[in-house]
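Beneath this line is the structure, given in structure tokens, with notes to follow.
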Amino acid sequence: MNELVQAPGAYDPKAVEAKWRERWEESRTNATDLDHPGKPYFNLMMFPYPSAEGLHVGNVFAFVGVDIHGRTRRLQGFDVFEPLGFDAFGIHSENYALKVNTHPGQLIPQNIRRFREQLKRVGLMIDWDHELSTTDPAYYKWTQWIFLQLFKAGLAVKKSAPVNWCPECKTVLANEQVIDGFCERHPDVKVHQRFLEQWFFAITKYAARLLENLETLDWSDSTRLMQTNWIGASKGADLEFPTPTGDPIRVFTTRPDTVFGATWVVLAPEHPMVESLTAAEQRADVEAYRRQTAEMDIVSRKVGDKEKTGVFTGSYARNPATGEDIPIWVADYVLMEYGTGAIMAVPAHDERDFEFATKFDLPIVKVVEPNERGPDGEPLALPNTTWEGTLVNSGQFDGMSAGEAVTAITEWLESIGGGAARTQYRLHDWCISRQRYWGPPIPIIYCDKCGTVPVPEEDLPVVLPETDDFRPDESGVSPLARLDSWYHVPCPKCGTTARRETDVSDTFLDSSWYFLRYPSTDYSDRAFDPELTKKWLPVSQYIGGNEHAVLHLMYSRFITMALHDLELLPFEEPYRSFKAHGTIVRDGAKMSKSRGNVVIPDEYIDRWGADTFRMYLMFLGPYQEGGDFRDEGIAGIRRFLDKVWTAVSAAPANAAPLAPTVQRKLHQTVGKVTDDTEGLRYNTAISALMEYLNTLRSEGGASAEALNPLLIMLAPFAPHMAEECWERLGHGESIFDATWPAYDEALAREDEIELVVQVNGRVRGRVTATRDITEDDARALALGDETVKKHVDGKEIRKVIFVPGRLINIVVG
RNA sequence: GCCCGGGUGGCGGAACGGGUAGACGCAAGGGACUUAAAAUCCCUUGGGGUGCAAACCCCGUGUGGGUUCGAAUCCCACCCCGGGCACCA
């Protein structure tokens, strides 16, 4: 990179940016009057985790894109509220603290200070009066309060769930810490499954609503689709298979039409009926198998391509359709947490069942004849999972199409035994318990007499006790359990000595409601003020990374819905609009510390200025797709800003009306930039601004009249520089109190167009014509062109296609 | 395996519901200014060919087919890259 030499009077970003940072702060330009908004607009960006490495270029890319949107909205007359906070609890911070052997309570404030300073240099329109941190007791008091509201509503329940357990670390591992079934830290120690009592939020109760509402939301399609897949609705039916114990086995199936082909039943190893259905002579085998399953970690348990295993229980269930007795097996390819934990096996029409039948030599009965045939007309090989087929071997249903049979068979089974149509969701309840230190303690007390007692609201927050002893230990419970004085408390109900819940809650709970808190950060006596909430929420526009498309967005939607049902919020969806931004790579490769190709924002801001850096990030590609950062390119943006600066410095004082060509280009630019910023296509908006400036320059200079609208449209991208230029053109107010230029289509229209002439679809000439030229005139004009003549002469004109204002295509043959 | 994106010059990327492929920028080459360089300004720049020239012709948007007067854009098959899900019955 070349050192930039400053000529006197040249654009000096350092000075300009320092001046306006100070000025904005003094005049409180970025503070929003929350109590009296005219047109409130809540512009939300995903708050960052304040890592020790400092602000990442990915953060800057994300925030700048949101900021441009917010600043544009402000120029368009909205009262924009653009707050920011820090998502500072969680295992990420804790692990780092453990690594550098410093208390997270000490590290986090340092990191936040550094982040705040870095963020201020980027020139974001943040209203810092409403900053928050999830680690602040004044914040997590309300995180705990939300837990209590859900607890009271029966939406927070304690249940046993499998976790990954490393016998060497003697601790719970996250799925990511399990590598091919082994512990990340102990590569020769196998991780196995263990059951722990944990707190869950009953998000599955909301599955149908979370899914339905998706259709009404203005969200990126990709995000909606990911949420849809995550919720994973499957239409089907519960069917009952009677057993000798008197209790039937309930199975869930999406293919009730194939019930006549069910030749055995499978229970998950954890299924409660395994015990009573295991015959004496099979007991040893079944128990061994269940032990073997329990020794697996929960990741490899679910890997689909491993060989099927299973064991016969020795008992039989009756197929309700055929009346035949079929064997009951136990196999780990059936999962307890999905459906009913039991399935009917239809090997002819399910690949997994087919594989199992082949291995254990179980009968295969074809019940659907596919419409499709093989190349020689012979039937397709089994298994075949198609819906396009006709029932066979299915008694009175023979000949019916598979699709019709779904309802017919479900209804028939319902009338003669057990059967009911049902939609099953893949979504699981949300486990919020973490056996860790760095999070908000779950506000629950266990009393031997009174049982599970919620901490009374007036006792909130349950402050996370300060202790140097925060390392996870071999007990597998949270370090908080070791703090005797904290752990033992009087029961809020009966006063006898009781014990606190020692788990802390999931970071996703902290971030599931932070947007509700922003407007109300001044209130210490309520989570969110009803008046302010009514004025400012739901969020007008939310922009963030697609890495949070599933969990964070799903959880915050759920919490909002639950609070709505508790009549604490007047709306049930938190974000009117959500758009996902893309990711930035460098020189075509992912950025990573190990590759050493990470862009450090401070270095670029020092060298080029924040405005150039912001604008370059936006110029790399469509905001929603991301882009490829290359050091060579940034100079182009700086050159553009230099040219704007020069044009402003040279602008004549007395205003002349705009030349027609300039006026036309101006309106075309306003139209394009307005559209493009609306659609977050910042890259093409910038190129339109460049084209406009190029036009001004080729017209031999620019008046203030021509530059004012350019500066306003440039201001969201390069706020400091635009402010300075605005002031230099004699404006007293901040440019952000100016009004976005109006687009006039009539003024943007070109009178003369270049009409493309094609012969047989190939361009053979271009003629200038008026915009509204008729087909006859166009045809005459086209046939007058020498080159066109050459291609047409001596041939018969078969057809002429005329696209008004665009082209004429002469088809000859 | 399944579900989404995406493959366009030397590079990042443009191209409204099928209608001038390569906007804008980077890099490169040439020129002006300068003692010189930087900066700045002007010109050229997808590949190939014909012509002294003005011009003109052919090829070209991952690959192979198709639909159409006309395809980067629509359809079918396939290859590659990125992301998500993954024994979900």
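Bear in mind that the values here come from a model prediction, so they are computed numbers and not experimental data. What's counted below: heavy atoms across the whole structure, side chains too, no hydrogens, waters or symmetry copies.
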| Ring centre gap for Trp608(A) and Phe613(A) strictly below 6.0 Å | no
| message | Classify Lys643(A) by what it touches in the nucleic acid, base, sugar-phosphate, or nothing, heavy-atom distance under 4.0 Å. | response | sugar-phosphate
| said: Side-chain N or O of Asn546(A) versus OP1/OP2 of C4(B): is the shortest distance under 4.0 Å? | reply: no
| message | So if I take every side-chain heavy atom of Ile343(A) and compare against G70(B), A89(B), C4(B), which nucleotide ends up nearest? | response | A89(B)
| query | Can Tyr425(A) and Thr204(A) be counted as having a side-chain donor-acceptor contact under 3.5 angstrom? | reply | no
| task | Ignoring hydrogens and angles, state whether a donor on the side chain of Tyr333(A) or Asp353(A) is under 3.5 Å from an acceptor on the partner side chain. | result | yes
| field | Donor + acceptor pair across side chains of Asp238(A), Thr340(A) (<3.5 Å) | value | no
| So which nucleotide from G19(B), A27(B), C69(B) ends up closest to the side chain of Val811(A)? | C69(B)
| How is Asp332(A) classified with respect to the nucleic acid when contacts are heavy atoms under 4.0 Å: base, sugar-phosphate, or nothing? | base
| said: Could you tell me how far apart Ile801(A) (CD1) and C69(B) (P) are, to the nearest whole angstrom? | reply: 7 Å
| field | 5'-most by nearest nucleotide on RNA chain B - Leu620(A) or Thr309(A) | value | Leu620(A)
Would you tabulate the nitrogen or oxygen pairs shorter than 3.5 Å linking the protein to nucleotides 82-84 of chain B?
{"unit_1": "G83(B)", "atom_1": "OP1", "unit_2": "Lys590(A)", "atom_2": "NZ", "d": "2.8"}

| task | Take atom C1' in A86(B) and the same atom in C4(B), then report the distance between them in whole Å. | result | 15 Å
| Separation of C85(B) C1' from Leu551(A) CG (nearest whole Å) | 12 Å
| task | Rounded off to whole Å, could you give me the CZ-to-C1' distance for the Arg426(A) and C85(B) pair? | result | 7 Å
| said: Give me the distance, rounded to whole Å, that separates G18(B) from G25(B) when you measure between the C1' atoms they each carry. | reply: 28 Å
| request: Please give the nucleotide sitting opposite G46(B) as a Watson-Crick or G-U wobble pair, both distances under 3.5 Å, or none. | output: C59(B)
| field | Tyr616(A) and its ring pair (Phe, Tyr, Trp, His ring centres under 6.0 Å) partner, picked from Phe717(A), Phe629(A), Phe61(A) | value | Phe629(A)
| Distance flag, aromatic centroids of Trp329(A) and Phe360(A), threshold under 6.0 Å | yes
| said: So if I take every side-chain heavy atom of Asn694(A) and compare against C4(B), U20(B), C24(B), which nucleotide ends up nearest? | reply: C24(B)
| remark: Whole-Å distance, Leu641(A) CG to C26(B) C1', equals 16 Å
| said: Distance check needed: C24(B) P versus Met615(A) CE, whole Å only. | reply: 15 Å
| request: Grab the CG-P distance between Leu335(A) and C87(B) for me, whole Å please. | output: 7 Å
| query | So, His349(A) side chain and Pro347(A) main chain: donor-acceptor pair closer than 3.5 Å or not? | reply | no
| query | Side chains of Val812(A) and His791(A): closer than 4.5 Å at any heavy-atom pair? | reply | no
| For the pair made of OH in Tyr425(A) and P in A89(B), what is the distance, rounded to whole Å? | 13 Å
| Side-chain donor/acceptor contact of Gln758(A) with base of G19(B) under 3.5 Å | yes
| said: Quick check on RNA chain B: between Met690(A) and Thr684(A), whose nearest nucleotide comes earlier from the 5' end? | reply: Thr684(A)
| query | How would you label the contact of Leu225(A) with the nucleic acid (heavy atoms, under 4.0 Å): base, sugar-phosphate, or nothing? | reply | sugar-phosphate
| Distance, rounded to the nearest Å, where Glu632(A) contributes CD and A27(B) contributes C1' | 8 Å
| query | Taking the C1' atom of each, how far is C33(B) from A27(B), in whole Å? | reply | 23 Å
| request: Give Arg630(A) one of three labels, base, sugar-phosphate or nothing, depending on what nucleic acid heavy atoms sit under 4.0 Å from its own. | output: sugar-phosphate
| field | Pairing partner (Watson-Crick or G-U wobble, both distances under 3.5 angstrom) of U40(B) | value | A32(B)
| query | Is it true that Asp642(A) and Arg639(A) make a salt bridge, defined as a side-chain N closer than 4.0 Å to a carboxylate O? | reply | no
| field | C52(B) pairs with, by Watson-Crick or G-U criteria that keep both distances under 3.5 Å | value | none
| task | Have a look at Ser234(A) and say if it touches a base, only the backbone sugar-phosphate, or nothing, with a 4.0 Å heavy-atom cut-off. | result | sugar-phosphate
Give each protein N/O atom lying under 3.5 Å from an N/O atom of nucleotides 54-61 of chain B, with the pair distance.
{"unit_1": "C56(B)", "atom_1": "OP1", "unit_2": "Thr787(A)", "atom_2": "OG1", "d": "3.2"}
{"unit_1": "C57(B)", "atom_1": "OP1", "unit_2": "Arg764(A)", "atom_2": "NH1", "d": "3.1"}
{"unit_1": "C57(B)", "atom_1": "OP1", "unit_2": "His791(A)", "atom_2": "NE2", "d": "3.4"}
{"unit_1": "C58(B)", "atom_1": "OP1", "unit_2": "Arg764(A)", "atom_2": "NH2", "d": "3.3"}
{"unit_1": "C58(B)", "atom_1": "OP2", "unit_2": "Arg764(A)", "atom_2": "NH1", "d": "3.1"}
{"unit_1": "C59(B)", "atom_1": "OP2", "unit_2": "Arg762(A)", "atom_2": "NH1", "d": "3.3"}
{"unit_1": "C59(B)", "atom_1": "OP2", "unit_2": "Arg762(A)", "atom_2": "NH2", "d": "2.9"}

| request: Report yes if a side-chain nitrogen or oxygen of Arg639(A) is closer than 4.0 Å to either non-bridging phosphate oxygen (OP1 or OP2) of C26(B); otherwise report no. | output: yes
| request: Mind checking Arg697(A) for me? I need base, sugar-phosphate or nothing, with any heavy atom below 4.0 Å counting as a touch. | output: sugar-phosphate
| said: Could you tell me how far G60(B) sits from U73(B) if I compare only their P atoms? Round to whole Å. | reply: 13 Å
| task | Determine the interplanar angle of the Tyr682(A) and Tyr623(A) rings, folded into 0 to 90°, and report it as parallel if under 30°, tilted if 30 to 60°, perpendicular if over 60°. | result | tilted
| note | For G5(B), the nucleotide meeting Watson-Crick or G-U wobble distances (both under 3.5 Å) is C81(B)
| query | Between Asn319(A), Thr322(A), Val346(A), which is the residue that forms a side chain to side chain contact (heavy atoms under 4.5 Å, CB included) with Val259(A)? | reply | Asn319(A)
| said: For a quick check of understanding: with a heavy-atom distance under 4.0 Å over all strands, which category does Glu754(A) fall into, base, sugar-phosphate or nothing? | reply: base
| field | Chi class for G29(B): syn within 90° of 0, otherwise anti | value | anti
| said: I need the Arg664(A) CZ to Gln668(A) CD distance, nearest 0.5 Å. | reply: 7.5 Å
| query | Does the side chain of Asn683(A) get closer than 4.0 angstrom to OP1 or OP2 of C24(B) through an N or O atom? | reply | no
| field | Watson-Crick or G-U counterpart of G25(B), or none if no pair lies under 3.5 Å | value | C11(B)
